[in-house]
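So the structure is just underneath, and the comments pick up after that.
Values reported hereafter were calculated over all heavy atoms of this structure, with side chains retained and with hydrogens, waters and symmetry mates removed.
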Amino acid sequence: MSLRINDTAPDFTAETTQGTIHFHDWIGDGYAVLFSHPKDFTPVCTTELGTMAGLEHEFKKRNAKIIGISVDPVESHERWKDDIRTVTGHAVDYPLIGDTDLKVAKLYDMLPAEAGDSCEGRTPADNATVRSVFVIGPDKKIKLILTYPMSTGRNFQEILRAIDSIQLTARHQVATPADWKQGDDVIITAAVSNEDAVKRFGSYETILPYIRKTKQPAA
């Protein structure tokens, strides 16, 4: 069955560039970003892993860990790190999962069951669907899923923006409108009555009966 928002993220044990991890234990009580790649030593993915390395401090500020995955072995990941640093100037210090038996790719519905059980002989095109981002919350539920084509590099500033929204809306009964960013006005959810809205937010603007805007609540 396909994974959906609010499903429990499948747990697994895997070898990484930082040793064996048990995924749910590794997540701990924060957020996690799992982002996948079709193959090591591919051009777009090389830029992506370096970009994430350069942004790792931004994810840490949001109590979010990052972890990459490719179906290639850990030894290949270690060699790839040198190229990533050469291309982007950033060292990859976060873990990279070696999914040589395709187990995690299948658990997360990125490859079909009939894909086999080995990375040997597989090309980037064979793994084209292993191009997803999963944001997972402290409750181990999936909060966001994005899947990109191989030719399109991912915008990780958007992932940070989405995490900001996910965390804000988890704390307050608000939603964020299109193109929202930190500090912008937010939308009061329908679960909050007009009376409660005044108590919670002080003031708000009614655009339409179902759209009430207010200042972003403080953390």
Side-chain angles (χ1 to χ4, degrees), residues 1-12 21-36 48 51-52 54-69 94-95 104 107-110 131-148 152-219:
M1 182 178 291
S2 298
L3 291 175
R4 299 180 176 88
I5 300 295
N6 291 327
D7 283 351
T8 298
D11 196 12
F12 58 84
I21 67 160
H22 306 285
F23 190 51
H24 282 193
D25 291 342
W26 178 84
I27 293 173
D29 59 0
Y31 285 78
V33 180
L34 171 69
F35 66 115
S36 61
E48 289 181 335
T51 297
M52 279 294 261
L55 290 171
E56 188 172 10
H57 66 288
E58 289 293 337
F59 287 92
K60 285 182 178 177
K61 287 190 327 191
R62 294 160 172 83
N63 194 26
K65 295 179 176 180
I66 56 179
I67 187 166
I69 178 173
Y94 54 85
V104 179
L107 267 179
Y108 279 77
D109 199 37
M110 294 183 285
R131 283 279 290 157
S132 295
V133 178
F134 299 87
V135 175
I136 300 159
D139 57 359
K140 311 305 182 286
K141 303 289 187 182
I142 295 173
K143 308 300 181 183
L144 174 146
I145 303 172
L146 292 171
T147 302
Y148 288 72
T152 302
R154 286 170 273 201
N155 183 341
F156 292 106
Q157 291 293 338
E158 166 60 12
I159 307 303
L160 288 169
R161 189 193 76 91
I163 291 172
D164 286 341
S165 173
I166 289 165
Q167 293 182 343
L168 176 69
T169 57
R171 292 191 300 268
H172 304 280
Q173 287 185 294
V174 297
T176 56
D179 295 331
W180 174 88
K181 59 185 182 298
Q182 280 284 14
D184 287 353
D185 289 352
V186 297
I187 296 168
I188 302 168
T189 65
V192 180
S193 69
N194 290 341
E195 292 75 19
D196 283 344
V198 173
K199 294 175 184 177
R200 287 170 179 262
F201 307 111
S203 64
Y204 63 88
E205 178 186 3
T206 301
I207 310 299
L208 289 169
Y210 58 90
I211 301 179
R212 298 168 296 166
K213 294 181 71 176
T214 189
K215 298 295 183 184
Q216 178 181 323

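Judged by distance alone, the side chain of Arg212 and the main-chain N or O of Ala197 form no donor-acceptor pair under 3.5 Å. A donor-acceptor contact shorter than 3.5 Å is absent between the side chain of Arg161 and the backbone of Gln182. The backbone N or O of Arg154 lies less than 3.5 Å from a partner atom in the side chain of Glu48, making a donor-acceptor pair. Under a 3.5 Å cut-off, the side chain of Lys65 and the backbone N or O of Trp26 do form a donor-acceptor pair. Although no hydrogens or angles enter the test, the distance criterion places a donor-acceptor pair under 3.5 Å between the side chain of Tyr108 and the main chain of Pro10. Side-chain atoms of His172 come within 3.5 Å of backbone atoms of Ala218 as a donor-acceptor pair (strictly under, hydrogens ignored). Side-chain atoms of Lys140 come within 3.5 Å of backbone N or O of Pro138 as a donor-acceptor pair. Thr189 places a side-chain N or O within 3.5 Å of a backbone atom of Gln173 that can act as its donor or acceptor partner. Remark: side-chain polar atoms of Ser36 are not paired, donor with acceptor, to backbone N or O of Ile69 under 3.5 angstrom.
Between Thr152 and Arg131, the closest heavy-atom pair is O-NH2, 2.6 Å. Residues Leu107 and Asp11 come closest through the heavy atom pair CD1-O, 3.7 Å. Minimum heavy-atom separation, Gly137 to Ile27: O-CG2, 4.3 Å. The heavy-atom pair separating Asp7 from Ser2 by the smallest distance is OD2-O, 3.9 Å. The two residues Asn155 and Tyr148 come nearest to each other via the heavy atoms N-OH, 4.1 Å.
Between atom CG of residue Leu168 and atom CD of residue Gln216 there is a gap of 5.0 Å, rounded to the nearest 0.5 Å. Separation of atoms NZ (Lys141) and OG1 (Thr8) is listed at 3.0 Å; rounding is to 0.5 Å. How far CD1 of Ile5 is from CG of Leu144: 5.5 Å, rounded to the nearest 0.5 Å. For the atom pair CD1 of Ile188 and CD1 of Ile211, the computed distance is 12.0 Å after rounding to the nearest 0.5 Å.
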Task: Working for side chain to side chain contact (heavy atoms under 4.5 Å, CB included), residues Ile67 and Ile21 - done: CA-CA 11 Å; Ile67 187 166; Ile21 67 160; 3.5 Å; yes
TODO: Before giving the answer on side chain to side chain contact (heavy atoms under 4.5 Å, CB included), spell out for Ile163 and Phe59 the whole-Å C-alpha distance, their side-chain angles and the decisive distance to 0.1 Å.
DONE: CA-CA 9 Å; Ile163 291 172; Phe59 287 92; 3.8 Å; yes
- [ ] Mind running side chain to side chain contact (heavy atoms under 4.5 Å, CB included) on Asp185 and Glu205 for me, showing each step along the way?
- [x] CA-CA 10 Å; Asp185 289 352; Glu205 178 186 3; 5.6 Å; no
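A salt bridge links Asp184 with Lys181; the closest basic N to acidic carboxylate O contact falls under 4.0 Å. A salt bridge links Glu58 with Arg62; the closest basic N to acidic carboxylate O contact falls under 4.0 Å.
Aromatic rings from Phe156 and Phe35 are positioned such that their centres are separated by under 6.0 Å.
Counting heavy atoms from C-beta on, the side chains of Asp164 and Trp180 come closer than 4.5 Å. Side-chain contact between Phe23 and Val104 is absent, with no heavy atoms from C-beta onward closer than 4.5 Å. Contact annotation: the side chain of Thr169 never approaches that of Lys143 to less than 4.5 Å [non-hydrogen atoms, C-beta and beyond]. Annotation: side chain of Val186 is not in contact with side chain of Phe201 (no heavy-atom distance under 4.5 Å). The side-chain heavy atoms of Gln157 and Leu55, taken from C-beta on, include a pair separated by under 4.5 Å.
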